[in-house]
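The shown structure was predicted, so the numbers you read here are calculated from the model rather than taken from an experiment.
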2 protein chains.
Amino acid sequence: MLSFTEENYLKTLLKLTMDERGKEEAGTNELALHLGVKPATVNDMLKKLKQKKLIQYEKYGKIALTKTGRKAGLEVLRKHRLWETFLYEKLEFSWDEVHQVAEQLEHIQSQKLVDKLDKFLDYPEFDPHGDEIPNAKGEFKYRHKVTLSQMEAGKSCKMVAVKDNSAPFLQYVIEVGLGINNHMKVLSIHPYDEIIQIEVNGKVSSVSKKFADNIFVICEDCMKNKPCKFHCK
Amino acid sequence: MLSFTEENYLKTLLKLTMDERGKEEAGTNELALHLGVKPATVNDMLKKLKQKKLIQYEKYGKIALTKTGRKAGLEVLRKHRLWETFLYEKLEFSWDEVHQVAEQLEHIQSQKLVDKLDKFLDYPEFDPHGDEIPNAKGEFKYRHKVTLSQMEAGKSCKMVAVKDNSAPFLQYVIEVGLGINNHMKVLSIHPYDEIIQIEVNGKVSSVSKKFADNIFVICEDCMKNKPCKFHCK
DNA sequence: TATATAAGTTAGACTAATCTAACAAATTTT
DNA sequence: AAAATTTGTTAGATTAGTCTAACTTATATA
Ligand SMILES: [Mn+2]
Ligand SMILES: [Mn+2]
Ligand SMILES: [Mn+2]
Ligand SMILES: [Mn+2]
């Protein structure tokens, strides 16, 4: 049985080693930053997680999840995203409110509850922020998404997810008239300050580079399986 | 902000001082028994709860909730019973499975969640065990219920709740063919060992005194507002 | 009333999770 | 290669919640 804290470490480690592909390991400071604790605290926990065979780790080395650790992390992430979906779909929460409550709900221990909730929601594949929900086996759909800031002027794309899950950012996204599955066209990218002009539903908006870094999109060419020389390799 | 543990103490205190009416106070050992900890542990917590003005308590004296303490306890009880109802009504849990999971869910902190859940369930007044669910103001319906063991031979009654919420007991109740809102007639009570014969839906069953102590009923006379000399005063 | 039993308290110890402050190793820059 | 910086570790302390064992107070019984 894992404690809430242990679960949070595993979930965070999983996110750090799966978001940016290629990166399979994390560091003490990085983990501390994301968990909102001090590196010293993380260091103590690393010893415990290693002892429980949930991570691979040597003194002064990098941290990687073991198979069991990854499985446990996936389970927490699955619960988090299912609960977010429940709150959003069934209880009329807005997308900027669900995360905070799901942070608590993800730690409820009951296999039956997870299964029943999944069924009740009709086996959703994505949460309100467009993040993939791992299924009962821990598998999830991979999508070749890029950030809005990686798009070229003149190209069209569809918003599929957000990177930043904080309430202020999510509210700002709504304000700009954007949302999951919205189509948009990149009109221009200003060379001086990288301000990006986009058109959504006929309305033109200007967004910053910082904003665009946190919006995930799929480009129209990719969707149509056309090779897209700009950002897909 | 209260910890899980503090919430459990307040909820348990509330149940001890509201179930049996007339009894407004509880003792250290009694509380320890219900919480599954040692009296020494309770004693430490009493000091903390007193300091937070959630209970009234003097060394070697009895324990009573303050107004704030009672309100906090009611909120936890409300959440517990709403979650039980959700699991039972929406997720197809059986009535012997809901309690264990609700013990965890009752501690989720989100006023909005409680309100939305209440609405989603259409403001239920009773949980799957027949227990009253306090409303948003902390009020709940009072019903003059008695235990099945208090009934006289020849009288009819309706089952409205169970006292024992443990899975083995609840499964046994089903086995006997009983459930919330079932009507039954007490055929006989044997003077030697107090075995009670009841008739439910034409089927006759024999139950022990211990069993009957844990079944709450409303007698037919009381329901019809006829004075009932046997157990109502 | 004296004694036995029940109820409640205290002291001292333990674990999990956290911190600060000091130290050590690894990496980057000059 | 030396110095500076970043990254990671250790020691020692703190807090919440729990325990055992010994003690004290209150209540019931002979
Ligand atoms: Mn989230
Ligand atoms: Mn969490
Ligand atoms: Mn219950
Ligand atoms: Mn509880």
Side-chain angles (χ1 to χ4, degrees), chain A residues 1-13 16-17 20 23-65 69 72-73 76 103-104 106-109, chain B residues 1-13 15-17 20 22-65 69 72-73 76 103-104 106-109:
Chain A
M1 183 99 313
L2 301 173
S3 69
F4 281 27
T5 311
E6 290 169 329
E7 287 195 338
N8 283 336
Y9 276 78
L10 295 178
K11 184 188 68 167
T12 304
L13 266 170
L16 289 177
T17 57
E20 357 271 312
K23 214 182 137 231
E24 301 268 295
E25 300 173 312
T28 307
N29 287 357
E30 187 186 12
L31 201 44
L33 191 74
H34 282 84
L35 286 162
V37 297
K38 301 289 161 179
T41 306
V42 170
N43 192 265
D44 283 345
M45 181 58 86
L46 293 182
K47 288 169 187 163
K48 202 194 301 179
L49 293 176
K50 186 189 174 177
Q51 211 247 305
K52 288 194 175 189
K53 299 194 172 160
L54 295 162
I55 58 169
Q56 284 179 285
Y57 163 70
E58 295 306 328
K59 213 164 134 174
Y60 293 108
K62 288 292 169 190
I63 312 152
L65 287 167
V76 180
E103 281 293 302
Q104 301 176 60
E106 73 189 7
H107 302 294
I108 302 293
Q109 306 276 291
Chain B
M1 184 100 312
L2 301 173
S3 68
F4 281 28
T5 311
E6 290 168 330
E7 287 195 339
N8 283 335
Y9 275 78
L10 295 178
K11 184 188 68 167
T12 305
L13 266 170
K15 283 202 287 185
L16 289 176
T17 57
E20 359 269 313
K23 216 183 136 232
E24 301 270 293
E25 300 173 312
T28 307
N29 287 355
E30 189 187 10
L31 201 45
L33 192 73
H34 282 83
L35 286 162
V37 297
K38 301 289 161 179
T41 307
V42 170
N43 192 266
D44 284 344
M45 182 58 87
L46 292 181
K47 288 170 188 162
K48 202 193 303 179
L49 293 176
K50 187 191 173 176
Q51 212 246 304
K52 289 195 174 188
K53 299 195 173 160
L54 295 162
I55 59 169
Q56 283 179 284
Y57 162 69
E58 294 306 327
K59 213 164 133 175
Y60 294 107
K62 289 291 167 188
I63 312 152
L65 287 166
V76 180
E103 281 292 302
Q104 300 176 61
E106 72 190 8
H107 302 294
I108 302 293
Q109 306 277 297

Which residues pass the side chain to side chain contact (heavy atoms under 4.5 Å, CB included) test with [X], sequence neighbours left out?
| X | answer |
| --- | --- |
| A/Asn43 | A/Lys47, A/Tyr57 |
| B/Ala64 | B/Glu25, B/Gln56 |
| A/Thr41 | A/Tyr9, A/Val37, A/Lys38 |
| A/Glu30 | A/Leu16, A/Lys23, A/Ala26, A/His34 |

Legend entry - Pairwise 5' ranking along DNA chain C for A/Phe4 and B/Gly61, keeping only the more 5' one: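 Mapping each residue to its closest nucleotide by heavy atoms, the 5'-most match is B/Gly61.
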
OP1 or OP2 of [N] versus the side-chain N and O atoms of [X]: is any pair under 4.0 Å?
| X | N | value |
| --- | --- | --- |
| A/Lys62 | D/dT7 | no |
| A/Thr28 | D/dT9 | yes |
| A/Asn29 | D/dG8 | yes |

Inset, instruction - Counting heavy atoms from C-beta on, name the nucleotide in D/dT25, D/dT9, D/dT18 closest to the side chain of A/Asn43. - result: D/dT9

Legend entry - Out of D/dT10, C/dT10, D/dG8, whichever nucleotide has its closest atom nearest the side chain of A/Lys47: D/dT10

Collect all protein-nucleotide pairs involving nucleotides 19-22 of chain D in which both atoms are nitrogen or oxygen and the distance is under 3.5 Å.
| residue | atom | partner | partner atom | Å |
| --- | --- | --- | --- | --- |
| D/dC19 | OP2 | B/Lys38 | N | 3.1 |
| D/dC19 | OP2 | B/Thr41 | OG1 | 2.4 |

Legend entry - Gap between atom CD1 of B/Ile55 and atom CG of B/Leu31 - 0.5 Å precision: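 Spacing of CG (B/Leu31) from CD1 (B/Ile55) equals 8.5 Å.
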
Inset, instruction - Could I get the full list of salt bridge (Lys or Arg N to Asp or Glu O under 4.0 Å) partners for A/Lys53, not counting sequence neighbours? - result: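 Listed in chain order: nothing, the list is empty.
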
